[in-house]
Colleague: 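Below you will find the structure I want to go over with you.
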Amino acid sequence: MKLKHILLATIVLGAIGSNFTSCTSKFDDYNTDQNATTKVTPGMLATKMIIGMMDLGGSKYSLYDNMLNKQIAWAEGSAQNDQYNLLGRASFDTYTSLTNCQKMVMEAESSPEDVQNSYKALAKFFKAHHLFYLSMQVGDIPYSQSNQAETDNIKPVYDTQKEVMSQILTDLEEAQDLFKTGGEFAGDPIFEGNPENWRKVCVAFELKVLMNLSKKVEDTDLKVKERFARLATSNNLFSSNADNLQLVHSNVSGQQYPLYHNDHTQYLMVSSTIINPLKEYQDYRLFYYAEASPYALEQGLTSSDWDAYLGIDPSAIQSENNALHGEGKDCGPNERYLTPESEPLMYVSYMEQNFILAEAALRGWIDQSKADEYYKKGIRASMEFIAENTPDDEKYHHNHPITSDYIDGYLTQSAIQLNGDFNHDLEMILLQKYLGSFLQHPENDCFYDNRRTGYPALPLNPNSNMNTDANKLPVRWMYPQDELDYNRENVQTAIDRQYGGVDDYNHLMWILQD
């Protein structure tokens, strides 16, 4: 969906106003009407929340998740923490942003009931979304007592991760019910305030949450399989790429794709974990993701040659990769990523939904005979998304355009077929999800898939690994120092019950325990 031109009033409400201005200043079509009311509206707060969730900004910071997922390597100076598995401490800043959810609901109280329902639903979705990903980083977090600072509860207790996940599922289902009875609401630059679109987003996101609970499938309280099966047959699923929750870019100052005019792009190297499987399966997405190696072109190859694409091992020692980069023996990002419009940035997508459904079918949560169908729908969705969002120009696909005939042929080749062996099929499903997520889904989802299942396989080099255990990938972030400074009793209780009192990178949180 295209960002719509929304006329915003000037906001002069202290911190809320300044925060909102810093966000919307990135979008020139969000203008100020000097004659409009100075009262904050729920639509204004909705816009702030939606754009705040989806706008990555620029610089290399927008690429840290791709480094952690090993989809790219970096050639700038010293080793990057995310590429080499030094996770550091999580940030709890998301709790501050969630105060706007409460204010949005309060400001909507004078609206018609159906519109109020939509704003309430949106607030529940934001809370579930943000705190799901925070819990995925550290484990136990405040949920039931979150955002109570205005009632003087500045030291919230930590809910167990099981309690957090249970409340997230409840909030997502309540959001779906509210959107079902909701009306169109103002301030939505993605779906123009259509509650049915947002209801589908909530369903798709709940499927993701449930899949991340795959190790807890026998938990009689959570009822993972039962919930999943009900949602999968609810007729509220995404049905095409048009349903994606995604941010569309344009050639307007502040709205461009993050890599456009980004001085750091020269250091981006596409990794072997992306390039090698694409070459193995003769996958045309290779030619849309990367530019040919300068070294290969000097040797007489062309940008249409498969062998012109050289992947960089993201776990290799930094100095070795820097040397390869200096010799041109690596591939930078395709030129289409350097255009202001580039492609939309997906957060919850039809492609991802299909791979989640394929994994669920493989696990027997839903009709097992549909695993192959969903798997291939996911691949098709990925390829169609790329083709539909890229000009049909040789400089962007290097004479390997993705067409309907190509997709049909790709899906019939023997090398990519599921074969009935669980581990093989799970690996193929998550590999294709990984390939389709290149520079997409910026929430470390591929890292979490690997952490949960071992797939997709991510390289590990003890000689470069910055984790405290050089022979392992880390599995969590540590708690913020601010929490240890100002809410020590509660955070220490959480650390004690989860990790034996040791807040480190390698202890398994509840969601990862068999």
Colleague: Is it true that Glu107 and Tyr119 share a donor-acceptor pair across their side chains at a distance under 3.5 Å?
Modeller: no
Colleague: Consider only side-chain N and O atoms of Asn69 and Asn66, and report whether a donor and an acceptor are under 3.5 Å apart.
Modeller: no
Colleague: Is a donor from one side chain sitting under 3.5 angstrom from an acceptor on the other, for His325 and Asn322?
Modeller: no
Colleague: With a 4.0 Å cut-off, would you call Lys70 and Asp313 a salt bridge?
Modeller: no
Colleague: Strictly by modelled atom types, are Gln481 and Asp485 linked by a side-chain donor-acceptor pair under 3.5 Å?
Modeller: yes
Colleague: Look at the aromatic rings of His129 and Phe125 and report parallel, tilted or perpendicular, splitting at 30° and 60°.
Modeller: tilted
Colleague: If you take the centroid of each ring, where Trp contributes its six-membered ring, are Trp477 and Tyr505 closer together than 6.0 Å?
Modeller: no
Colleague: So does His424 have more than 12 non-hydrogen atoms from other groups sitting under 6.0 Å from NE2?
Modeller: yes
Colleague: In a check of side chain to side chain contact (heavy atoms under 4.5 Å, CB included) between Asp140 and each of Arg497, Met509, Glu163, which one passes?
Modeller: Arg497
Colleague: Can you name the ring pair (Phe, Tyr, Trp, His ring centres under 6.0 Å) partners of Phe132, sequence neighbours left out?
Modeller: Phe205
Colleague: Hey, are Gln167 and Asp171 close enough side-chain-wise for a donor-acceptor pair under 3.5 Å?
Modeller: no
Colleague: Would you call Lys208-Glu352 a salt bridge at under 4.0 Å N-O?
Modeller: yes
Colleague: Run the salt bridge (charged side-chain N to carboxylate O under 4.0 Å, His left out) test against Asp243 and tell me which residues pass, sequence neighbours left out.
Modeller: Lys200
Colleague: For the residue pair Gln161 / Gln498, report whether a side-chain donor-acceptor contact shorter than 3.5 Å exists.
Modeller: no
Colleague: Check Arg452 with Asp449, please: is the shortest side-chain N to carboxylate O separation under 4.0 Å?
Modeller: yes
Colleague: Does NZ or CZ of Lys127 fall inside the cone over Tyr143's six-membered ring, less than 6.0 Å from its centre and within 45° of the axis?
Modeller: yes
Colleague: Could you check, using the six-membered ring where one of them is a Trp, whether Phe92 and Tyr95 have ring centers closer than 6.0 angstrom?
Modeller: yes
Colleague: Looking at Lys223, Lys124, Arg227, which one forms a salt bridge (Lys or Arg N to Asp or Glu O under 4.0 Å) with Glu173?
Modeller: Arg227
Colleague: Salt bridge check, Asp263 against Lys60: does any charged N sit closer than 4.0 Å to a carboxylate O?
Modeller: no
Colleague: Looking at Asp177 and Arg199, does any basic side-chain N land under 4.0 Å from a carboxylate oxygen?
Modeller: no
Colleague: Any carboxylate oxygen within less than 4.0 angstrom of a Lys/Arg side-chain nitrogen, looking at Lys433 and Asp445?
Modeller: no
